[in-house]
Amino acid sequence: CQLFGYVGIEAVLDQMKIKTMKTGFEFNIMVVGQSGLGKSTMVNTLFKSKVSRKASQPGQEERIPKTVQLQSVTHVIEEKGVKMKLTVTDTPGFGDQINNENCWDPIIKYINEQYERYLREEILITRKRKIPDTRVHGCVYFIPPTGHWLRPLDLEFMQRLSKIVNVVPVIAKADTLTLEERAEFKQRIQEDLKTHAISVYPQEDFDQDPDDRALNDRIREEIPFAVVGADQEHQVNGKRVLGRKTKWGIIEVENPAHCEFPLLRDLLIRSHLQDLKDITHNVHYESYRVRRLNES
Amino acid sequence: QNDGYRTLSLSGHVGFGSLPDQLVKKSTKQGFCFNILCIGETGCGKSTLINSLFNTNFDDPASMHFLPSVRLRAQTYELQESNVLLKLTIVNTVGFGDQINKEDSYQPIVDYIDAQFEAYLQEELKIKRSLFSYHDTRIHVCLYFISPTGHSLKTLDLLTMKSLDSKVNIIPIIGKADSISKTELQKFKNKIMSELASNGIQIYHFPTDDETVSKINTIMNGHLPFAVVGSTEEVKIGNKTVRARQYPWGIVQVENENHCDFVKLREMLICTNMEDLREQTHARHYELYRRCRLEEMGFRDIGPENKPVSLQEAYEAKRHEFYLEMQRKEEEMRQQFVQRVKEKEVMLKEAEQQIQTKFEHRMLMHQEVKLKLERKKKALEDEIAMFIEKKANAELLQSQASVSTPVVSLKRDKDRK
């Protein structure tokens, strides 16, 4: 039908914004990778605050645990009136043992447990107005910067987990690779992922319209992002920037010419955060639910 | 509000302040659904008001007064304003208040609202479901049109609103309000509100908990029920053309706040509270319906030993029960079938026996008769044989006698001569 004049339907957008700002957001991210790849530093850089405690701080005698343990830490952060409850799940011990068989099992179990918790709340007769969401919305997988190919552990893990959660692979500590090595490494990784039919985020199957597809295609070309994390500021050209100071120069974390951290941050937070949550809720959670209700 | 979690302070710009925008962008792409139910007597101005509210011409033919029962007619339209796509469904009650006996007038309405909840519940309970692409048909707001009598609410109004107030957001409206004068109007409004309160009818109150809208919502709550006038015609006033109704004694302008509350209604319904109406429908009315329905179906949250029972286990138990019931029924039917077959077999056997005996009896009779006939035949043959013998003897005697008597006959002949 044609509208002959102004009605005010678009005011519903503002109403929605106000409502969501009041209720706040939840975001749960998991970081997986061997110890020493810079996971905690990366999370701290992403959220510009001391979200995770680093294992390499002096005075901390934290040994590498004998099995994979999962540690979740929840904080509340606020920006521009938007409140976010951020939960970061770390996986110390992953890939650190001599025999790493089935080291992904505790992680899969944890992810499924969160789905189970949500399912139980959802099928109650008297259910809460807002079901607490502890489901993992994104899993950042840290690939060591060998420069060669994906290792069997990487392939096994990503194959299994990309079926139940959004996996975002990144090349950790990318400041050990030159730009050419980086490009070749990425190429090989992309081929490996394709050969083994591993669909990482953003998955091709869930592109909703041509605009989405175009945007996500550009992102898919650059996956995995080569990132460097830093939480110390240094003086460069009169500005204070986050970076790593070495004898041969300062690596600026937020400089797109130095590393791809800005791309990762934009993907995870600025443009696709809601999309990560939606795919977790509409796709991964639903398929868990189908499996669960079918198996009994 | 922070549930005991530490608040961290950010040392720089992270960027998740754009989250509401991301969410809004997604919702805009999906589009919005809004469903309005208009209840009111035939001719109270429902369609005209809806046309005026949405500033368009929905093709809705006027209905007659002679319908035997209340029916609901739903029509869905797609409206677009800038980049917002709205799927608007208008449900009209056709024939409401027209019958002589209005006892069951409200039942079809209640059934319709329940049916929409039921459809959503069924989708939600499915194993393979697609909730995010589901076309939500649940009624978000009910505009109840009160006749502008100027006195009070009718019994039908009270009855209908009472049966609907826990199922849907009700906004009462005085239709065709240009027939009431200003002083009468205020008295009428007060009477209506006090009647609603004394009958315990819970109408929708605009939310006052959010500072951005609480002030205006509180003011508007005081203006309920809205006295509205709708019009599909435009009248030229000064150098503007506005929606209005032209009378010999003046022009009633629809969008003039001094003339009627139309602008207030549009503000409240669309510009300020559309999202809240949708949320109340989902979080309060639908949840209530769901709870009642699931309890009706026999599900519980707490099991017999006061331990929490998951819906899934209850579902399982029910499914198992159902399966056993089916099995039992199947067994029963099978037994019945076997029984019937046996009976039939026995019957057939009996019949077979009967026929067999009859046959044998007949055979016996046949034998007897045959025997009899043979005897008779034999007797007759014997007779024939004797007869032939006698005949032969007689002929013999006769031939002997004729040889000795021919002279006699000659003599006789001579004598005659």
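Proteins come first, then strands; the chains are lettered A, B, ... in the order of their sequence lines, and each starts at number 1. Just the heavy atoms: all of them, side chains too, but no hydrogens, waters or symmetry mates, feed the values below.
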Bottom line for A:R270: the part with an atom under 4.5 Å from chain B's heavy atoms is both

Where does B:K25 contact chain A at under 4.5 Å (heavy atoms): side chain, backbone, both or neither? neither

Contact origin within A:F25 toward chain B - heavy atom pairs under 4.5 Å: side chain

Which bit of A:E233 comes within less than 4.5 Å of chain B, counting heavy atoms only: side chain, backbone, both or neither? neither

Interatomic spacing from CD in A:E122 to CD in B:E124 - rounded to 0.5 Å: 5.5 Å

State whether the side chain of A:K48 and the backbone N or O of B:H13 hold a donor-acceptor pair below 3.5 Å, judged by distance alone. yes

What part of A:S271 lies closer than 4.5 angstrom to a heavy atom of chain B: side chain, backbone, both or neither? backbone

Under 4.5 Å heavy-atom distance to chain B, tell me which part of A:L46 shows up: side chain, backbone, both or neither. backbone

When the 4.5 angstrom heavy-atom criterion is applied to A:K80 and chain B, the contacting part is side chain

Tell me, side chain or backbone of A:T74 under 4.5 Å from chain B's heavy atoms, or both, or neither? both

Given that the side chain runs from C-beta out, which part of B:R129 has a heavy atom under 4.5 Å from chain A: side chain, backbone, both or neither? both

Atom pair NZ (B:K126) and CD (A:E286), whose distance is rounded to the nearest 0.5 Å: 11.5 Å

May I ask you to decide if B:I127's main-chain N or O and A:R289's side chain share a donor-acceptor pair within less than 3.5 Å? yes

Answer with side chain, backbone, both or neither: which region of A:I18 has an atom nearer than 4.5 Å to a non-hydrogen atom of chain B? side chain

Could you grab the distance from atom CD1 of A:I125 to atom CZ of B:R291, nearest 0.5 Å is fine? 9.5 Å

Working to the nearest 0.5 Å, report the span between CG of A:L273 and OG of B:S18. 8.0 Å

Which atoms of A:H272 approach chain B - backbone, side chain, both or neither, heavy atom under 4.5 Å: backbone

Just how far is it from atom CD of B:E295 to atom OG1 of A:T126, taken to the nearest 0.5 Å? 6.5 Å

Side chain, backbone, both or neither: which part of A:D266 has a heavy atom under 4.5 Å from chain B? neither

Applying a strict 4.5 Å limit to non-hydrogen atoms, the region of A:D275 in contact with chain B is both

CD (B:E275) and CG (A:L13) are apart, to the nearest 0.5 Å, by 9.5 Å

Which residue, A:Q15, A:M16, A:K19, forms the side-chain contact (heavy atoms from CB on, under 4.5 Å) with B:E279? A:K19

Between A:Q274 and B:L23 (side chain of the first, backbone of the second, donor and acceptor by atom type, cut-off under 3.5 Å), is there such a pair? no

